[in-house]
Amino acid sequence: IRTLLVGASILTARETLNTSMPDDSLDFKRLIQVIIGLEPIHQELVYDLYWKGLSLREIAKEWETDQSNVIREHKVLLIY
C-alpha cells in the first residue's frame, strides 16, 4: 500500500505542480503522510474504499468478515 501511495503521490504532485497553488501541493503531501502513518488494516481500508471505490459491504465480502467489523474499523479511521 505504501509503495502504491508514494507512486501515486509523486505522479499527482508532478501533474498538479504546474497548475495548482503551492498550498495544494503541501496539503496533498500532508494527506499522504497521514495515510502512510496509519496501521496496515486502515491503509487497506482507505485503498479499497477510496481508490478502488468498493463499498463497505463489498470490502467485508472480499475480506471474508462480518460487515460490522469493517464498519467499526471505518469509524476508527474517521475519528483519527
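The residues of the chain are indexed from 1 along the displayed sequence.
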Fill in: Under 3.5 Å donor-acceptor, Gln43 side chain and Leu38 backbone
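Yes; at least one donor-acceptor contact below 3.5 Å.
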Item to complete: For Glu39, look at atom CD and say whether over 12 heavy atoms of other residues, nucleotides or ligands are found less than 6.0 Å away.
Response: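 Not buried by this count: 12 neighbours or fewer within 6.0 Å.
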Fill in: Taking every non-hydrogen atom, the tightest pair across Leu49 and Leu54
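Smallest heavy-atom distance, with atoms named: CD1-O, 3.0 Å.
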I'd like to check the side chain to side chain donor-acceptor pair (under 3.5 Å) partners of [X]; sequence neighbours left out, ordered by chain and number.
{"X": "Trp51", "result": "none"}
{"X": "Glu58", "result": "Ser55"}
{"X": "Tyr80", "result": "none"}

Fill in: Residues forming a salt bridge (charged side-chain N to carboxylate O under 4.0 Å, His left out) with Glu62, sequence neighbours excluded
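Counting only residues at least two positions away or on another chain, Glu62 forms a salt bridge (charged side-chain N to carboxylate O under 4.0 Å, His left out) with Lys52.
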Worksheet item: Taking atom CH2 of Trp63 and atom CD1 of Ile41, what is their separation to the nearest 0.5 Å?
Response: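 Going from the CH2 atom of Trp63 to the CD1 atom of Ile41 covers 4.0 Å.
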Worksheet item: Which value, rounded to the nearest 0.5 Å, describes the distance between Ile35 atom CD1 and Tyr47 atom OH?
Response: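 With rounding to 0.5 Å, CD1 (Ile35) is 12.5 Å from OH (Tyr47).
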Report all side-chain donor-acceptor pairs from residues 69-79 shorter than 3.5 Å, counting only partners two or more places apart or in another chain.
{"from": "Asn69", "atom 1": "OD1", "to": "Arg72", "atom 2": "NH2", "distance (Å)": "2.3"}
{"from": "Asn69", "atom 1": "ND2", "to": "Thr65", "atom 2": "OG1", "distance (Å)": "2.8"}
{"from": "Glu73", "atom 1": "OE1", "to": "His42", "atom 2": "NE2", "distance (Å)": "2.7"}
{"from": "His74", "atom 1": "NE2", "to": "Tyr50", "atom 2": "OH", "distance (Å)": "3.2"}

